[in-house]
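Numbering of ligands and ligand atoms starts at 1, following listing order. Heads up: numbering here begins at 1 and tracks the sequence. Computed from a predicted model, the values in this text were never measured in an experiment.
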Amino acid sequence: MMTLKLFRNARIYTPIDDGKPLAGNEMGYVAVTEEGALIVEEGYIASIGQEREILESLPSGEEVEEIDLEGRCIIPGFVDPHTHACFMGTREREFVMRLQGASYLDILKMGGGILSTVDKVRSASKEELYENTKEVVSRAAKSGITTIEIKSGYGLSLEHEIKMLEVIGQLNGNPLDVVPTFMGAHAIPMEYKDNPKAYVELVIDEMIPYVAKRNLAKYCDVFCEEGVFSVEDARRILQAARGYGLGLKLHADEVYDLGGAKLAAELKVDSAEHLLAASDEGLRAMAQNGILAVLLPATAFSLRKPFARARRMMELGVPVALATDCNPGSCYCESMEMVYRLAVLGMGLSMEEALTASTLNAAYAIGMARQVGSLQRGKKADFVVLEGETPGVMAYHLGATNVKEVYKMGKKI
Ligand SMILES: N=CN[C@@H](CCC(=O)O)C(=O)O
Ligand SMILES: [Zn+2]
């Protein structure tokens with residue numbers, strides 16, 4: 001006989017999935033159930049609601065394991081839709097250089113930044129890369145992330161991009177859901193420094209077809225930035241990726257307003273990321289085309305730059321999601337709790353809006369909303385138990401983690 005799990009005595013906070021990402025005012029509509037409960041059957045939510053009603057609906061004769069959540073708040077497991085969590089080594093010295101005034105893009109121009117991580121990833125074996133990535137992912141899981149996107153982009157050659165994507169693929173289901181993104185267009189590798197166009201051709205002619213045919217990635221992403229990939233390069237790379245059936249993402253207007261947001265709208269990408277420098281014109285184009293913005297406040301914080309204009313985006317009707325951007329350079333952070341906190345205290349989102357952005361909208365950003373992102377019947381029983389009464393505790397109690405327990409498909413991790 002199958003054992004059901006009954007989680008009871010909870011205050012449930014969840015956005016409600018209506019088949020599309022939530023935008024504008026809708027982002028603040030979060031369902032709250034005091035004295036709530038949920039029943040988990042084989043990892044999925046079989047029913048959820050008022051404890052009294054849930055208890056009445058329990059089938060008699062079934063074995064039930066009961067877990068008392070002692071009145072704590074539960075929220076959907078965080079979905080982190082933008083990370084570079086597959087890497088080797090750290091870049092602490094560069095961080096110190098940045099504190100002394102060096103800019104992120106200047107460090108990259110000098111062969112450091114992303115390129116210094118590329119050297120380390122290229123010289124690591126697949127096993128070493130797997131072990132390191134697994135550690136990053138398990139720290140993410142402890143912070144409440146139950147679904148995570150991970151990009152390649154520190155290989156920058158067919159051989160090493162594939163090594164990264166295979167490692168990312170191996171981590172799927174172990175225990176998190178992992179969504180792989182191909183990001184061969186993350187930087188121009190040193191060996192193509194004098195001929196960057198040839199690298200763009202390599203990405204288009206060899207890497208994308210190889211990755212797509214072997215199903216190694218769900219999305220293709222490009223770092224469209226001054227001195228990295230131009231708007232025209234990004235357009236060509238993403239159009240090629242679309243031709244091979246990959247979903248599209250774009251690192252847009254992170255440092256300079258190159259027109260990345262406009263390109264995201266033109267190509268109708270699945271999400272546009274960063275957007276620290278995006279113009280109103282670009283944001284309007286995104287709103288008109290229903291393009292999701294994935295905002296990374298911990299990156300702005302770590303780079304000591306102003307936050308993305310989240311409230312303006314929401315006012316224009318752009319659906320907003322949040323992500324860590326976890327990487328060893330611009331943002332060494334695997335905590336969505338930290339991101340939530342910055343969204344509330346730094347970008348002015350309400351506690352409900354930040355919850356929607358870090359769960360349901362984040363799930364839409366990586367095509368996972370059918371399975372995760374809200375606590376509703378039929379979705380995976382992925383949730384976080386907070387040491388507090390509302391999700392707001394994560395912004396209120398600053399010095400500690402407020403994540404008490406994390407459940408993936410009804411099992412504690
Ligand atoms: N901006 C480009 N890529 C990453 C940083 C990667 C790195 O610095 O290693 C980002 O999204 O912030
Ligand atoms: Zn990124």
Side-chain angles (χ1 to χ4, degrees), residues 80-95 97-98 102-122 129 132-133 136 140 148-156 160-161 164 168 179-189 217 219-229 233-234 237 248-258 260 264 269-278 293-305 307-308 321-334 339 342 362 365-366:
D80 188 351
H82 179 142
T83 84
H84 305 260
C86 182
F87 60 82
M88 294 298 293
T90 55
R91 305 206 313 254
E92 195 178 328
R93 277 164 198 259
E94 267 178 23
F95 176 73
M97 281 164 67
R98 282 200 283 108
S103 89
Y104 177 76
L105 287 178
D106 284 346
I107 294 172
L108 176 61
K109 222 185 273 165
M110 286 162 5
I114 294 171
L115 295 178
S116 75
T117 303
V118 169
D119 287 342
K120 292 176 195 138
V121 165
R122 283 183 178 177
L129 187 59
N132 204 64
T133 310
V136 180
I148 190 169
E149 181 256 19
I150 307 181
K151 301 173 199 297
S152 67
Y154 293 125
L156 309 187
H160 296 290
E161 284 294 303
M164 288 191 75
I168 295 166
V179 173
T181 294
F182 166 66
M183 200 171 178
H186 194 195
I188 304 289
Y219 294 97
C220 175
D221 196 343
V222 178
F223 186 17
C224 179
E225 187 55 72
E226 188 90 47
V228 194
F229 294 91
D233 292 337
I237 293 167
L248 308 185
K249 294 183 169 289
L250 183 65
H251 280 57
D253 303 331
E254 177 181 356
V255 183
Y256 295 104
D257 175 20
L258 289 193
V269 298
D270 296 285
S271 64
E273 335 274 306
H274 285 290
L275 302 164
L276 298 185
V294 175
L295 304 185
L296 313 160
T299 309
F301 192 51
S302 175
L303 293 174
R304 302 202 284 184
K305 292 193 176 213
F307 292 109
L322 292 164
T324 62
D325 194 19
C326 177
N327 74 76
S330 63
C331 186
Y332 194 21
C333 170
E334 47 282 271
V339 168
L342 292 173
I366 50 172

Nearest protein heavy atom to atom 9 (O) of ligand 1, by residue and atom, and its distance?
Y154 OH, 2.6 Å

Could you check atom 11 (O) of ligand 1 against the protein and tell me its nearest heavy-atom contact, residue, atom and distance included?
H274 NE2, 2.7 Å

How about D221 and T181: does a side-chain donor come under 3.5 Å of a side-chain acceptor?
no

Specify whether H84 and Y154 have parallel, tilted or perpendicular ring planes, treating 30° as the upper limit for parallel and 60° as the lower limit for perpendicular.
tilted

closest protein heavy atom to atom 1 (N) of ligand 1 is E254 OE1, 2.7 Å

Hey, could you give me the OG/CG distance between S271 and L295, rounded to the nearest 0.5 Å?
10.5 Å

Please verify the inter-ring angle class for H274 with H251; under 30° counts as parallel, over 60° as perpendicular, anything in between as tilted.
tilted

What do you reckon, does H186 put a non-hydrogen atom under 4.0 Å from ligand 1?
yes

Polar-atom distance check: T299 versus ligand 1, any N or O pair below 3.5 Å?
no

Considering only heavy atoms, does Y104 approach ligand 1 within less than 4.0 Å through its side chain, its backbone, both, or neither?
side chain

Would you mind telling me if ligand 1 is within reach of the side chain of H84, the backbone, both or neither, using heavy atoms under 4.0 Å?
side chain

So the angle subtended at the Zn ion (ligand 2) by H82 atom NE2 and H84 atom NE2, rounded to 10 degrees, is 110°

Mind checking whether T117 has an N or O less than 3.5 Å away from an N or O of ligand 1?
no

Mind checking whether E273 has a heavy atom under 4.0 Å from ligand 1?
no

Decide yes or no for I168 and K151: does some side-chain heavy atom of the first lie under 4.5 Å from some side-chain heavy atom of the second?
no

